[in-house]
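Encoded as structure tokens, the structure appears first; notes follow it.
First the proteins, then the strands, lettered A, B, ... as listed; each starts at 1. All values below were derived from every heavy atom in this structure, side-chain atoms included, with hydrogens, water molecules and symmetry-related copies excluded. Computed from a predicted structure; not experimentally measured.
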Protein chains: 2
Amino acid sequence: MDPNKSFKHLPHKTIERLSQYRRALLICLNNGKSHIFSHEIAQIQHITSVQVRRDLMLIGYSGTLRKGYNIQELIDLIGEIIDSNEGINVAVVGMGNLGRALINYFSGKRHKLSIVAGFDTNPDKIGNYMNGVECFSVEDMHKIVKEKDITIGIITVPASQTTEICDLLVESGIKGILNYTPKPVNVPDEIYLEEYDMITTLEKVAFYVKLPDEAPETKQSKARP
Amino acid sequence: MDPNKSFKHLPHKTIERLSQYRRALLICLNNGKSHIFSHEIAQIQHITSVQVRRDLMLIGYSGTLRKGYNIQELIDLIGEIIDSNEGINVAVVGMGNLGRALINYFSGKRHKLSIVAGFDTNPDKIGNYMNGVECFSVEDMHKIVKEKDITIGIITVPASQTTEICDLLVESGIKGILNYTPKPVNVPDEIYLEEYDMITTLEKVAFYVKLPDEAPETKQSKARP
DNA sequence: CAATTCCTGTTAATAGTTTAACAGGGCAAA
DNA sequence: TTTGCCCTGTTAAACTATTAACAGGAATTG
Ligand SMILES: NC(=O)c1ccc[n+]([C@@H]2O[C@H](COP(=O)([O-])OP(=O)(O)OC[C@H]3O[C@@H](n4cnc5c(N)ncnc54)[C@H](O)[C@@H]3O)[C@@H](O)[C@H]2O)c1
Ligand SMILES: NC(=O)c1ccc[n+]([C@@H]2O[C@H](COP(=O)([O-])OP(=O)(O)OC[C@H]3O[C@@H](n4cnc5c(N)ncnc54)[C@H](O)[C@@H]3O)[C@@H](O)[C@H]2O)c1
């Protein structure tokens, strides 16, 4: 990769799509495909082929005319852009249903991202392993975060505990937080924060479902020629 | 509400934020507040107060000068816009960790949206109740969807089963689908589809965490004056 | 009762993102 | 070889979303 090339200024949305492209490409690779056309990627992601080509243009990847893109090469390039060289260690705080679902989901995936610790306050959970991930006491967070070089924390505790846990993560020296509880949090500027609440998504689906004719084109319908 | 007023053309993002505003407003109401300023809402949501006022302008709600917005009124108005009159029934397919997390999360919430059924193939789960939600066999999906007037399906089965389950939901007459598995699906145009994959979000966080100085302003940092 | 402050509501400008349009090249069939 | 087709890569235009700028009104202060 051209070392002068910087990917700092890629659009937010492109970053998200690159991650999705890779996910789809890995599946295609497993199915024995070696090349793929922009319109094939587009169909999988419910977007237009123009958008795919534009994204790939932005990251400077060229395909072969009439043959498409080399899947392996593209996977590698996306990796160079969005993965960190050293790998990033992640912790899940709150080993309940959602926390376990996330750990389950992650285990066995390659990825430069690994969940390397869980935290909980429930004594019955502390010390247990879940898919190879040990559960520690939140009291040891400081120590474990340092020891295991954890840079991202995922919050899946009950909403009432969210603020406290978020502050604890920040104090422990975490760099990014992904908050899955419905309670919004505040973090210092230098910490990257994403919040996701399923109810928002579901209410959005409900809104468009109840507007029978006027529903906006979905990504999928727009993607059709 | 002015019956001539249509909310069909509200921006996508505004719809999402309205849902989030309501969530925050309900918490404030519980804390005994009766009025709230745009900048207070903004701070909770990590956006600017201008954006809040603009969204409220779009839905035609006016606050009181120097006093802010009446929380109860605003909650009610948002409800009129994004909730459906009759209430919407939702089913979760795949009663594993994630499915259970969702059902747990929903139970006890008011809302015009209710999860009224779960589906699974595991005989040990069929017939059980989870937070008051019965688990049915996927074989009965057609029947149950009709009986319970279910219009939205949430997919939380193993990725290998996603396509099959999605098709089954479509055949059963569902109107909207929320797919939480990492396998993208295809649905007919008239069905509203949202897909969410945690890994995309996490990889995005990782991308910005690893860019130490150049990280784009987060919503939160932008929101600061 | 001015002047000040603090808030809302709106329009105009900017920024971000997607889509349209098209140039160009290779392969295939005629 | 020529024609037609199907793909990529890029620039320009359109669209969507956010932010800046400001007009104006009520409470507050001197
Ligand atoms: N974003 C979403 O889509 C979504 C979906 C479902 C649930 N949720 C939210 O995720 C959270 C967890 O849901 P769940 O179903 O896994 O709940 P759960 O009760 O199964 O799990 C919560 C876990 O957190 C632990 N815990 C409690 N206090 C703690 C603390 N101070 N520090 C560390 N651990 C603590 C508990 O021991 C438990 O193991 C809830 O806030 C819920 O609202 C979000
Ligand atoms: N989007 C996210 O953020 C996210 C996070 C975690 C997990 N996931 C995904 O969600 C899915 C479920 O994860 P999980 O941890 O709950 O898994 P799980 O194995 O705990 O649960 C899967 C459930 O689906 C049932 N099932 C299997 N085949 C079925 C079928 N054909 N019809 C109906 N039910 C069937 C199983 O009996 C089981 O109860 C997986 O695809 C996983 O990758 C997504």
Side-chain angles (χ1 to χ4, degrees), chain A residues 5 7-18 20-21 33-43 45-71 73-74 77 204 208 215-225, chain B residues 5 7-21 33-43 45-71 73-74 77 204 208 214-225:
Chain A
K5 193 129 201 167
F7 297 110
K8 288 169 186 168
H9 304 298
L10 289 174
H12 266 61
K13 292 284 181 70
T14 296
I15 300 292
E16 283 177 24
R17 282 191 299 263
L18 287 175
Q20 289 164 355
Y21 296 163
K33 284 187 74 151
S34 73
H35 287 75
I36 193 167
F37 296 127
S38 60
H39 68 259
E40 293 178 295
I41 300 179
Q43 200 188 0
Q45 301 301 143
H46 313 311
I47 56 179
T48 65
S49 60
V50 188
Q51 188 152 62
V52 174
R53 291 201 299 278
R54 205 175 196 298
D55 285 335
L56 299 190
M57 187 195 87
L58 290 174
I59 64 171
Y61 185 67
S62 291
T64 313
L65 208 41
R66 295 201 71 115
K67 205 171 161 197
Y69 303 93
N70 180 307
I71 294 179
E73 276 178 25
L74 188 46
L77 177 58
K204 189 179 167 193
Y208 289 118
E217 307 227 298
T218 59
K219 284 192 292 184
Q220 179 167 341
S221 67
K222 272 194 297 190
R224 297 193 205 287
Chain B
K5 191 126 202 169
F7 298 109
K8 288 169 186 166
H9 304 300
L10 287 175
H12 266 62
K13 292 284 181 72
T14 295
I15 299 295
E16 284 178 25
R17 282 192 299 263
L18 288 176
S19 166
Q20 289 163 356
Y21 296 163
K33 285 187 73 151
S34 73
H35 287 75
I36 193 167
F37 296 127
S38 60
H39 68 259
E40 293 177 295
I41 300 179
Q43 199 189 0
Q45 299 301 141
H46 314 309
I47 57 178
T48 64
S49 60
V50 187
Q51 188 151 65
V52 174
R53 291 202 299 277
R54 204 173 198 301
D55 284 335
L56 299 191
M57 187 193 88
L58 290 174
I59 66 172
Y61 185 66
S62 291
T64 313
L65 206 40
R66 297 205 122 232
K67 205 169 159 198
Y69 302 92
N70 181 307
I71 294 179
E73 275 178 28
L74 189 45
L77 177 58
K204 189 178 168 194
Y208 289 117
E214 312 289 330
E217 306 229 298
T218 58
K219 283 192 292 184
Q220 180 167 341
S221 66
K222 272 193 295 191
R224 298 191 202 289

From [atom1] of [X] over to [atom2] of [N], roughly how many Å is that when rounded to an integer?
| X | N | atom1 | atom2 | value |
| --- | --- | --- | --- | --- |
| B/Leu10 | D/dA17 | CG | C1' | 13 Å |
| B/Tyr61 | C/dG9 | OH | P | 9 Å |
| B/Arg54 | C/dA12 | CZ | P | 11 Å |
| A/Tyr69 | D/dC7 | OH | P | 12 Å |
| A/Gln51 | D/dT10 | CD | P | 17 Å |
| A/Ile59 | D/dG9 | CD1 | C1' | 13 Å |
| A/Asp55 | D/dT8 | CG | C1' | 14 Å |
| B/Leu58 | C/dT11 | CG | P | 11 Å |

(request) Could you pull out all residues at least two apart from B/Ser38 that satisfy side-chain contact (heavy atoms from CB on, under 4.5 Å)? (result) B/Ser49, B/Val52, B/Arg53, B/Tyr69

(message) Applying side-chain contact (heavy atoms from CB on, under 4.5 Å), can you list everything that pairs with B/Gln51, at least two apart in sequence or on another chain?
(response) B/Arg17, B/Ile47, B/Thr48, B/Asp55

Nearest to the side chain of [X], heavy atoms from C-beta on, is which of [options]?
| X | options | result |
| --- | --- | --- |
| B/Val50 | D/dT18, C/dT18, C/dT10 | C/dT10 |
| B/Arg17 | D/dT18, C/dT17, C/dG9 | D/dT18 |
| A/Lys13 | D/dG9, C/dT8, C/dT18 | C/dT18 |
| A/Met57 | D/dT8, D/dA17, D/dT10 | D/dT10 |

(request) Under the ring pair (Phe, Tyr, Trp, His ring centres under 6.0 Å) rule, collect the residues that match up with A/His35, sequence neighbours excluded. (result) none

(request) Answer with yes or no whether A/Arg53 presents, from its side chain, a donor or acceptor under 3.5 Å of a partner atom in the base of D/dT10. (result) no

(request) Treat primed atoms plus P, OP1 and OP2 as sugar-phosphate and everything else as base, then score nucleotides 23-30 of chain D 5' to 3': B for base contact with protein heavy atoms under 4.0 Å, S for sugar-phosphate contact only, - for none. (result) -BBBSS--

(message) I'd like to check B/Leu74 versus B/Leu56 (side-chain heavy atoms, cut-off strictly below 4.5 Å). Are they in contact?
(response) yes

(request) Would you indicate, yes or no, if C/dG26 has its OP1 or OP2 atom less than 4.0 angstrom from a side-chain nitrogen or oxygen of A/Thr64? (result) no

(request) May I ask you to evaluate whether A/Ser49 reaches the phosphate of D/dC7, defined as a side-chain N or O under 4.0 Å from OP1 or OP2? (result) no

Validation: residues 59-68 of chain A side-chain donor-acceptor distances under 3.5 Å, sequence neighbours left out:
from, atom 1, to, atom 2, distance (Å)
A/Tyr61, OH, A/Asn70, N, 3.4
A/Tyr61, OH, A/Glu73, OE1, 2.7

(message) By the 4.0 Å heavy-atom rule, please label A/Thr14 as base, sugar-phosphate, or nothing.
(response) nothing

(message) Tell me which pairs pass salt bridge (charged side-chain N to carboxylate O under 4.0 Å, His left out) where either residue lies in residues 33-42 of chain A, with sequence neighbours left out.
(response) A/Lys33-A/Glu40

